[in-house]
Amino acid sequence: NLFTISKVLTLLFFTGVGLWYIEPAHFTSTALPPLHDFTGSILLMVFAFSGFDGAVTTTGEMKNPQRDIPYSLFSVLLFKTVLYLLVQVVCIGTLAGLAGSKKPVAEAAENMLPGWGGAVITLGALISFVATLNGGLLVASRICFGMAEQQRLPGWLSATHPRYHSPHIAIGLTTVVVLLLALTQGLLFLLTITSLGRLLIYIISCGVLIRLRQKNDAPAAAFLLPAGKLIACLAIVACLLIITGSTLREWSMLGLVLGAGAVLWGLLKCKA
């Protein structure tokens, strides 16, 4: 909670101050980008907007997840979308060389508040990194823990600490895997792989939603959105379009991971 509040306050500070420094002349465009470049950029943006889906991994420990999860997901998505749009507007409106900048938010803040604006954003970025790692380890380890409980991964991953009752083995394994990937692969490559994996999960989830709405014996939904099937179909199409921004190398890596998972699942199924 401390990390999350700190990084949100940093972005609110940046947008609140930046809106006063916007120059309307910066909002010009000479040509539309190629479709592949556009979808590639959107593919990376999937990571920035993700994280909301991590809330569902802890539903087994919630009192009323059927009621709370849908409203929390929608509220987080709405808030995040508005905040990120404001960040983008401020960056475009205050930083002339935005396209060539490698740290646009920090540079924009430095332009607005010379001497200490960039330092504030840098500190906020460091806090955000820690928060992302913290949340990522929580979500990824709980997925391993849950799959092990359902005999889709080795049973020893479902072990919990005798004192803290946390899945300590799953957390340790997740940490080692993430560290190895971080040391051996580039950031943009890992972000793309993560986004591809998420998009595949989104496509499957939308398909399951359509199937559940067709079943008469499915449990009653605590939250029902009008035109749910149509929205799910549009989401599947959107995910497929975004996926086209990936490269063969990224799909090869993702295929290796999915293949290894399929082999492991098959071995466990045969053993059972």
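The analysis underlying the following values was restricted to heavy atoms, covering all of them including side chains, and did not include hydrogens, waters or symmetry mates. Bear in mind the structure is a predicted one, so any value in this text is a computation, not a measurement.
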Taking the side chain as C-beta and beyond, is there a heavy-atom pair between [X] and [Y] under 4.5 Å?
| X | Y | value |
| --- | --- | --- |
| Val8 | Phe79 | yes |
| Phe145 | Thr160 | yes |
| Val120 | Phe14 | no |
| Phe13 | Leu113 | yes |
| Tyr84 | Met45 | no |
| Met253 | Phe189 | yes |
| Ile242 | Thr39 | no |
| Ile243 | Ile203 | yes |

Inset, instruction - Go through the steps for Tyr21 and Val17 under the test side-chain contact (heavy atoms from CB on, under 4.5 Å), then give the verdict. - result: CA-CA 7 Å; Tyr21 288 86; Val17 174; 3.7 Å; yes
Would the number of heavy atoms belonging to other residues, nucleotides or ligands and lying under 6.0 Å from [atom1] of [X] be above 12?
| X | atom1 | result |
| --- | --- | --- |
| Glu149 | CD | yes |
| Phe38 | CZ | no |
| Phe27 | CZ | yes |
| Asp217 | CG | yes |
| Leu32 | CG | no |

Tell me the closest heavy-atom pair linking [X] and [Y], and the distance in Å.
| X | Y | answer |
| --- | --- | --- |
| Gly197 | Leu254 | N-CD2, 4.3 Å |
| Ser158 | Ala148 | N-CB, 3.6 Å |
| Ile210 | Cys233 | CD1-SG, 3.7 Å |
| Ala170 | Leu157 | CB-O, 3.7 Å |
| Ser166 | Ile171 | CB-CD1, 4.4 Å |
| Ser75 | Ser72 | OG-O, 2.9 Å |

Please answer whether the main-chain N or O of [Y] pairs with a side-chain N or O of [X] as donor and acceptor at a distance below 3.5 Å.
| X | Y | value |
| --- | --- | --- |
| His161 | His168 | no |
| Ser101 | Leu98 | no |
| Ser128 | Gly124 | no |
| Glu110 | Gly115 | yes |
| Lys80 | Ser50 | yes |
| Glu107 | Pro104 | no |

Legend entry - Step-by-step side-chain contact (heavy atoms from CB on, under 4.5 Å) determination, Ser246 to Leu43: CA-CA 8 Å; Ser246 58; Leu43 184 59; 3.8 Å; yes
Is there a continuous path of hydrophobic side-chain contacts, each under 4.5 Å between heavy atoms, that joins [X] to [Y]?
| X | Y | result |
| --- | --- | --- |
| Leu138 | Ile143 | no |
| Ile121 | Trp116 | yes |
| Leu83 | Val46 | yes |
| Leu12 | Val76 | yes |
| Leu133 | Phe3 | no |

Supply the atom-to-atom distance [X] [atom1] to [Y] [atom2], rounded to the nearest 0.5 angstrom.
| X | Y | atom1 | atom2 | result |
| --- | --- | --- | --- | --- |
| Ser205 | Leu199 | OG | CG | 11.0 Å |
| Ile236 | Ile231 | CD1 | CD1 | 12.5 Å |
| Leu173 | Leu153 | CG | CG | 9.0 Å |
| Ile92 | Ile22 | CD1 | CD1 | 9.0 Å |
| Leu179 | Thr174 | CG | OG1 | 12.5 Å |
| Leu126 | Lys7 | CG | NZ | 13.0 Å |

Legend entry - Residue pair Asp53 / Tyr202, side-chain donor-acceptor N/O under 3.5 Å: yes
Inset, instruction - Check the pair Cys91, Val105 against side-chain contact (heavy atoms from CB on, under 4.5 Å), reporting the backbone distance first and the verdict last. - result: CA-CA 6 Å; Cys91 286; Val105 178; 3.9 Å; yes
Inset, instruction - Give the C-alpha distance, both sets of side-chain angles, the deciding distance and a yes or no for side-chain contact (heavy atoms from CB on, under 4.5 Å) between Glu250 and Leu196. - result: CA-CA 9 Å; Glu250 293 155 354; Leu196 284 175; 4.1 Å; yes
